[in-house]
Amino acid sequence: MRVDEDGAMALATRLLADRGTPAAHAAMQARVLVEGELKGHPSHGLQRLPRILSRIERDLIDASTAGMQNWRSSSFLDVDGQKGLGPVVAHAALDRIAERARETGIAIAGIRNSNHLGMLAHYVECVARRGQIGIVMSSSEALVHPYGGTRALLGTNPLAIAVPTSGRPLIVDLATGVVSMGKIHHHAANGVPIPEGWARDASGTPTTDAAAATKGSIGPFGDAKGYALATALELLVASIARSALAPDVRGTLDADNVCNKGDVLIVIDARTEPDLLTVFSDYLERIRTSIPADPLRPVTVPGDGASSRREQAHKDGIEISPKLWDELNALSYSNNPPVRGHGQ
């Protein structure tokens with residue numbers, strides 16, 4: 001079934017507000033989830049909402065706080081998230097370091113004791129729209145096995161980068177695992193097998209069973225290279241955010257533990273001249289118009305696919321499973337009528 005963006009936002013915001021989330025915070029959390037849907041990544045979309053609601057109800061999330069901030073130096077913001085909603089804590093920190101970067105050229109925030117951020121592309125895109133360079137890193141539970149190994153010891157440790165241009169910014173968003181665990185959970189929830197090479201089961205055996213993979217481990221992308229990057233990000237985030245290492249991280253995929261992963265936000269104010277931004281745009285367009293290996297598949301730039309999917313979803317609505325939509329409507333505390341999708 002298809003649901004329009006406004007309907008998805010309304011339901012998600014209402015469910016959060018039902019549990020005492022301030023209006024602005026509810027809208028911010030809902031926006032990040034709906035953006036995941038719009039960009040074609042349901043693993044980071046509304047399927048995460050029931051868990052967030054449960055975490056609020058169990059006092060594992062304090063939906064009222066934006067965290068406690070402390071400048072450790074002129075350009076280093078230390079943030080205790082105080083169990084706040086991930087997007088709320090992150091945006092509050094981004095606002096501070098983006099402003100500071102105008103003065104210092106670069107500013108960084110290390111966040112601990114916060115909750116899942118959702119798609120990191122959302123944050124760096126916000127930075128790039130301001131004309132600044134954004135870099136965001138995050139850690140997670142041990143979900144990825146080392147190259148040559150079989151047991152999960154690393155987080156999926158995603159990394160996002162955005163650089164402004166005179167047109168659409170360049171946006172890179174990738175996890176250092178072959179795939180996010182959220183995507184495997186999405187396959188499991190819908191009874192769909194996963195491709196070969198994505199994961200191993202609890203015994204360390206390669207599997208295409210999504211449910212078995214949720215109890216096992218994900219492979220590193222790019223074999224040794226992805227493994228090396230994942231390990232570097234593991235230590236980098238833990239050292240800057242003063243957060244736990246992957247084997248001791250909890251709370252991004254469960255409703256039982258306080259979340260103790262880390263996030264690192266970096267804003268660089270390059271004061272790029274308009275002419276250079278045009279040069280950047282022209283360069284990206286040169287890549288797009290280069291000769292493709294497959295004439296039926298034009299060359300694209302990182303972020304193009306997500307942008308195209310978002311534009312299409314604005315027109316056609318978001319594709320959501322009826323089961324999830326019914327589950328979300330059933331979670332409402334209010335007397336408002338259910339939000340209907342196009343297929344209902």
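All heavy atoms count here, side chains included; hydrogens, waters and symmetry mates do not. These numbers were taken from a predicted model, which means no experiment stands behind them.
When atom types are taken as modelled, the side chain of Asn190 and the backbone of His187 share no donor-acceptor pair closer than 3.5 angstrom. Between the side chain of Gln29 and the main chain of Pro87, no donor-acceptor pair closer than 3.5 Å is present. When atom types are taken as modelled, the side chain of Asp269 and the backbone of Arg102 share no donor-acceptor pair closer than 3.5 angstrom. The backbone N or O of Val301 lies less than 3.5 Å from a partner atom in the side chain of Asp304, making a donor-acceptor pair. Distance alone, capped at 3.5 Å, places no donor-acceptor pair between the Ser332 side chain and the Asn329 backbone.
Remark: Arg31 engages Glu35 in a salt bridge, criterion side-chain N to carboxylate O under 4.0 Å. With salt bridges taken as basic N to acidic carboxylate O contacts below 4.0 Å, none links Glu311 and Lys315. Salt bridge annotation for Lys261-Asp263: present, with a cationic side-chain nitrogen under 4.0 angstrom from a carboxylate oxygen. Salt bridge annotation for Arg130-Asp95: present, with a cationic side-chain nitrogen under 4.0 angstrom from a carboxylate oxygen. Taking a cutoff of 4.0 Å between a charged side-chain nitrogen and a carboxylate oxygen, Arg55 and Asp256 do not qualify as a salt bridge. A salt bridge does not link Glu141 to Arg250: none of the charged nitrogens lies less than 4.0 Å from a carboxylate oxygen.
Defined by atom type and a distance below 3.5 Å, a donor-acceptor pair is present between the side-chain atoms of His186 and Gln47. Ser166 and Ser281 share a donor-acceptor pair across their side chains, judged by distance under 3.5 Å alone. A donor atom on one side chain and an acceptor atom on the other are not found under 3.5 Å apart for Ser139 and Glu234.
Here His122 and His91 bring their ring centres to under 6.0 angstrom of each other.
Annotation: side chain of Met119 is in contact with side chain of Asp173 (closest heavy-atom distance under 4.5 Å).
Both Ile194 and Leu143 sit in one connected hydrophobic cluster of ILVMFWY residues. Membership requires side-chain heavy atoms under 4.5 Å apart, directly or through other members. Grouping the Ile, Leu, Val, Met, Phe, Trp and Tyr side chains by contacts below 4.5 angstrom, directly or via other members, places Val172 apart from Val178.
Considering every non-hydrogen atom in both Leu265 and Ile97, the closest pair reads O-CD1, 3.6 Å.
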